[in-house]
There are 2 protein chains.
Amino acid sequence: MSGTPGPGPADEAAPRRDLAAMVVPLGRALVAAEEPVLRAHQVSMWGYVVLNALAEQPVRTPSIRAPSIRAPSIRTQAALALAIGADKSRIIGVLDELQQRGLIERRPDPADRRVHLLALTEAGRRLRESVREAIQRHEEERVLAALPEADRAAFIRALRILSELPPEDISG
Amino acid sequence: MSGTPGPGPADEAAPRRDLAAMVVPLGRALVAAEEPVLRAHQVSMWGYVVLNALAEQPVRTPSIRAPSIRAPSIRTQAALALAIGADKSRIIGVLDELQQRGLIERRPDPADRRVHLLALTEAGRRLRESVREAIQRHEEERVLAALPEADRAAFIRALRILSELPPEDISG
DNA sequence: TATTGTTATACTCTATAACTATA
DNA sequence: TATAGTTATAGAGTATAACAATA
């Protein structure tokens, strides 16, 4: 059956570890790599996640949505919590600190006085950019550099696709 | 500067999210996907990790090691804990249960009566294979299937390389 | 009645420290 | 003294439930 008896079996599936067994430890290492940068900028991991979520505010095509349907904007705390996969009660301390440092604004919504509208301040946007730049430079130099040149683009492409998949598509 | 004003900037670096921001949620989803399989086989996540570590026991080239130097074999509990990135105190309950179910053996080392030598039983090996097969089938069908055919091999190749990198290479 | 932000509480992991038996 | 395994304790992180204000 096997064409070449040389090194590397041809028709036997090369055994690989489970994706989770590779992805999870890698994630831990990547988080550890971010920590010094975050400390240097005095932001917590969750703080940085929040800054990113507010900055990345996806431009959803408004054409699809009827005006009567309330857009689930990320600008409310509940929507933010949902977007970053955290409980709404868990981000409050984070928001408190970001606000205290002038990195975000929390303004009452005149239309619905229960909600707080969130927005990045200019300082918040700048800080997020600095952190992001430092982190991604490190990633290029220390992580992606370890990959064969030819695989880098495909890796990032695949990662983007999989990370944008609805979690329930993956969990089954 | 930009050659084509069409869709997709040519010389502006396509902004990507931080690797950690993509990898960590993906890891969470992959773990969630494993859970039903693990439950069906009545193993905990850590139990499965242990079974894998014992089964994957890397065949280290013995030629390099002088006989006088004690090989840090994975068969002791301490070595196992190190290998899977857990504290030695944390795996004890896991080992207890695996042993009780006849999936592993814990035998005193005659040469050093402090240590317990760990080994998979035949039942343990079989169970691990079943779980692994189910998990990887699911991964192929639900996860990797979402990737462009041409990127799959590169993705797995890259993942293997990065996950085998010493964590301190990544953290800096 | 349902929802937003908030606070308080409980629970799950995980890390640390102590203990024993060997070396 | 140091180490392997074990146990007990404490801490961090997270989830759940209750609350006031508003819809």
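Residue numbers start from 1 in every chain, and the chains themselves are labelled A, B, ... in the order their sequence lines are given, proteins ahead of strands.
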- Query: Does a distance-only test, which skips hydrogens and angles, find a donor-acceptor pair under 3.5 Å between the side chain of A/Arg114 and the base of C/dT3?
  - Reply: yes
- Item | Base of C/dT22 paired with side chain of B/Arg113 (donor-acceptor, under 3.5 Å) | no
Just how far, in rounded Å, is [atom2] of [N] from [atom1] of [X]?
X: A/Glu35; N: D/dA12; atom1: CD; atom2: C1'; result: 13 Å
X: A/Met45; N: D/dT14; atom1: CE; atom2: P; result: 11 Å
X: A/Leu117; N: C/dT4; atom1: CG; atom2: P; result: 13 Å
X: A/Leu118; N: C/dT6; atom1: CG; atom2: P; result: 9 Å
X: B/His116; N: C/dA21; atom1: NE2; atom2: P; result: 12 Å
X: A/Asp109; N: C/dG5; atom1: CG; atom2: C1'; result: 13 Å
X: B/Asp96; N: D/dT7; atom1: CG; atom2: P; result: 7 Å
X: B/Ile92; N: C/dC19; atom1: CD1; atom2: C1'; result: 12 Å

Residue pair [X] / [Y]: nearest heavy atoms and the distance that separates them:
X: B/Ala33; Y: A/Ile170; result: CB-O, 3.4 Å
X: B/Leu165; Y: A/Ala146; result: CD2-CB, 3.8 Å
X: B/Ser163; Y: A/Arg17; result: OG-NH1, 4.5 Å

Counting only side-chain heavy atoms from C-beta out, which of [options] sits nearest to [X]?
X: B/Gln77; options: C/dT16, D/dG5, C/dG5; value: D/dG5
X: B/Lys88; options: D/dA4, C/dT4, C/dT14; value: D/dA4
X: A/Ser89; options: C/dG5, C/dT16, D/dT16; value: D/dT16
X: A/Asp112; options: D/dA2, D/dA23, D/dT6; value: D/dA23

- Query: With nearest nucleotides of DNA chain C determined for A/Arg28 and A/Arg90 from heavy-atom distances, which residue corresponds to the more 5′ nucleotide?
  - Reply: A/Arg90
- Would you tell me if any nitrogen or oxygen in the side chain of A/Trp46 comes within less than 4.0 Å of OP1 or OP2 on D/dA12? no
- Message: For a 4.5 angstrom cut-off between non-hydrogen side-chain atoms, does B/Leu95 reach B/Gln99?
- Response: no
- Item | Hydrophobic cluster identity match, A/Leu103 and A/Leu80, side-chain contacts under 4.5 Å | yes
- Query: Of B/Leu95 and A/Ala111, whose closest DNA chain D nucleotide lies nearer the 5' terminus?
  - Reply: B/Leu95
